[in-house]
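What follows is a single structure, written as structure tokens, with notes after it.
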Amino acid sequence: MTLALGCIADDYTGASDLANTLTRAGLRTVQTIGVPADDLALPEVDAVVVSLKSRSIEAGLAVSRSRAAEAWLRGRGASRVLFKICSTFDSTDAGNIGPVMDALRADSGEGTVLVTPAFPETGRTVYQGNLFVGAVPLNESPLKDHPLNPMHDSSLVRVLARQSKTQIGLVDLATVTRGADAVRARLAELAGKGIGAAIIDAVFDRDLETIGLVAAEHRLSVGASGIGLGLARALVSTGKVKSAAGSSETGAAVGGPAACLAGSCSQATLQQIASAEKVMPVLHLDPDRILTGAGEAQRALDWAKPRLAEGPVLIASSSTPDQVAALQARHGRDAAGHAIEQAMADIAEGLVKSGVRRLVIAGGETSGAVVDRLRIPGFLVGVEIAAGVPVLRAVGIEGDMLLALKSGNFGGPEFFSDALGLMR
Ligand SMILES: Nc1ncnc2c1ncn2[C@@H]1O[C@H](COP(=O)(O)OP(=O)(O)OP(=O)(O)O)[C@@H](O)[C@H]1O
Ligand SMILES: O=C(O)[C@@H](O)C(=O)CO
């Protein structure tokens, strides 16, 4: 297998978002959980997305895990590697995007790395280096209240400069609009000044197509699904990959009980939970009881099991920003996040033992904890539920299982029933 594109994603939902984008753009793609074991049978593909759970861990560890993934991908012939980050650039000032980018840049001998989290389909655009989420700058968006990495600066040039050892430049929209040669010239100018990475503006998919043509000539790029789209379209349009569009996985129906778990506290997920209350039983976990070890996961399982035969259920830890802040004040941010993630993994494990083979999970860290606990080594990409969220079919486990790993902010108000409707 010689990969046209190797990808390293810093969380599992982001990886499935990227795998979905690449698949829709015509690349045969598989998502793996971590660096695959030698005995994992992978189909013949154009792209592999190695999912890590490295967004919120200590930078040194994120660097070493990302490098291991890079070495595996390069070993499978990937001359281009995309480091997939969140479209809302989730990270703290001590965060991992800069250190991982610096390390991968050193490994790959890249001059100036192209960086853009733009993903116009989901409302993420970048102008003059500032990230917009819908109509508002990042720092005015709901991301200002994120439980793990609140975002307070919309200037990605500044954010990345605080994390990286290299200087950060800008390729502005006017340059992108002039086409690939203008971008190449600007990058050459920045490289001449020793600037090791540049935020690139992108507002429309056509900007990402221009960026993709240039990124396809580089060994390393950093960004969200938008740059993945640009890269995939460039690989197809330049004949480096023969398009396999429309060939996403369509396996047999799985059936049986279905459940949803929500650990994301994003506004989108809170609204989706409220909508789900109208069509399925919903249990709201008590986060304090999780933190004090009061058997909350078992209570949830006792609640869910008798209901599963009647139809899907939803179990949510999600709370409003005020409630999240209060819980974190009582227990500490990381301790609260970790304990709730592990409780979600306990619940998922119990549900699967009770026969659940269709599972919808909201939140990247939450999905990471659950998928790790279920020991799923990889996924094939199925139909799209919402922008950035495909149905996934697990590979490398006994029996069939369908999952949807929803990024916190993605999906429409009826996401949970939309997903279950497509996960037969
Ligand atoms: N009620 C709560 N109070 C405090 N923290 C919570 C609560 N419920 C969940 N959490 C924690 O908040 C974090 C949510 O992160 P997660 O990545 O799952 O969602 P997200 O950030 O919205 O999604 P994504 O990363 O896909 O955008 C997790 O660590 C989770 O355990
Ligand atoms: O890019 C995004 O917004 C998502 O794929 C994601 O990474 C959220 O965790």
Side-chain angles (χ1 to χ4, degrees), residues 7 9-21 31 49 51-57 82-91 97 116-119 121-124 131 133 138 141-143 145-151 222-229 261-270 272-273 284-291 296 315-345 347 361-371 386-390 404-411:
C7 306
D10 69 352
D11 82 345
Y12 296 7
T13 50
S16 74
D17 164 20
L18 178 61
N20 177 57
T21 298
Q31 174 182 353
V49 183
S51 331
L52 301 180
K53 196 169 179 286
S54 57
R55 187 172 291 171
S56 309
I57 62 176
L82 170 61
F83 172 40
K84 161 69 174 69
I85 57 166
C86 190
S87 65
T88 45
F89 220 79
D90 294 16
S91 54
I97 298 174
T116 185
F119 190 16
E121 199 184 346
T122 56
R124 276 56 154 169
L131 176 57
V133 178
L138 177 65
S141 78
L143 272 297
D145 299 315
H146 191 281
L148 301 179
N149 40 253
M151 300 304 288
V222 176
S225 264
I227 195 167
L229 177 87
L261 296 173
S264 165
C265 300
S266 71
Q267 272 186 13
T269 303
L270 293 174
Q272 289 155 355
I273 295 168
H284 292 273
L285 297 170
D286 179 337
D288 269 310
R289 284 177 56 99
I290 294 176
L291 267 296
E296 190 66 350
I315 298 171
S317 69
S318 321
S319 307
T320 59
D322 286 352
Q323 292 166 325
V324 169
L327 187 86
Q328 291 179 340
R330 287 195 292 280
H331 301 280
R333 188 189 67 174
D334 291 346
H338 181 74
I340 295 172
E341 287 164 31
Q342 288 312 308
M344 285 301 201
I347 295 168
I361 310 164
E365 298 294 329
T366 309
S367 296
V370 168
V371 169
V389 197
L405 311 181
K406 187 192 82 76
S407 296
N409 294 296
F410 286 180

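The chain is numbered in sequence order, starting from 1. Numbering of ligands and ligand atoms starts at 1, following listing order.
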Proximal atoms of ligand 2 relative to K84 (non-hydrogen, under 4.0 Å): 1 (O), 2 (C), 4 (C), 5 (O), 6 (C), 7 (O)

Matching residue for S16 among S407, P390, S51 - test: side-chain contact (heavy atoms from CB on, under 4.5 Å): P390

Atoms of ligand 2, numbered as shown, that sit under 4.0 Å from any heavy atom of C86: 1 (O), 2 (C), 3 (O), 6 (C), 7 (O), 8 (C)

Ligand-side contact atoms (ligand 2) for residue partner S407, heavy atom cut-off under 4.0 Å: 4 (C), 5 (O), 6 (C), 8 (C), 9 (O)

Protein contact to atom 7 (O) of ligand 2 [nearest heavy atom, distance to 0.1 Å]: R55 NH2, 2.7 Å

N or O pair under 3.5 Å between S87 and ligand 2: yes

Spacing of L291 atom CG and I340 atom CD1 [to the nearest 0.5 Å]: 6.0 Å

Side-chain donor-acceptor contact under 3.5 Å, T269 with K406: yes

Residues which pass salt bridge (Lys or Arg N to Asp or Glu O under 4.0 Å) with D288, listed by chain and number, not counting sequence neighbours: R330

Over all atoms of both residues, closest heavy-atom pair of D11 and G364: OD2-CA, 3.3 Å

Residue portion contacting ligand 2 (non-hydrogen atoms closer than 4.0 Å) for F119: neither

Check: R124 N/O within less than 3.5 Å of ligand 2 N/O: no

Gap separating the CG atom of L261 from the OG1 atom of T366, nearest 0.5 angstrom: 8.5 Å

Min N/O separation D17 to ligand 2 under 3.5 Å: yes

Any N or O of T88 closer than 3.5 Å to N or O of ligand 2: no

Value rounded to 0.5 Å, distance of OG in S266 from CG in L143: 9.0 Å

Rounded distance (nearest 0.5 Å) linking atom CZ of F410 with atom CD of E121: 9.0 Å

Contacts of Q267 that satisfy side chain to side chain donor-acceptor pair (under 3.5 Å) - sequence neighbours left out: none

Contact check, G364 vs ligand 2, heavy-atom distance below 4.0 Å: no

Sequence-distant partners of Q342, side chain to side chain donor-acceptor pair (under 3.5 Å), two or more places apart: R373

Contact residues of ligand 1, where a non-hydrogen atom lies under 4.0 Å away: D11, T13, R55, H146, P147, L148, G263, S264, C265, P287, S317, S319, V324, L327, G337, I340, E341, G363, G364, E365, T366, S407, G408

Exceeds 12 heavy-atom contacts within 6.0 angstrom, atom NE2 of H284: yes

Numbered atoms and elements of ligand 2 in range of D11, under 4.0 angstrom, heavy atoms: 7 (O), 9 (O)

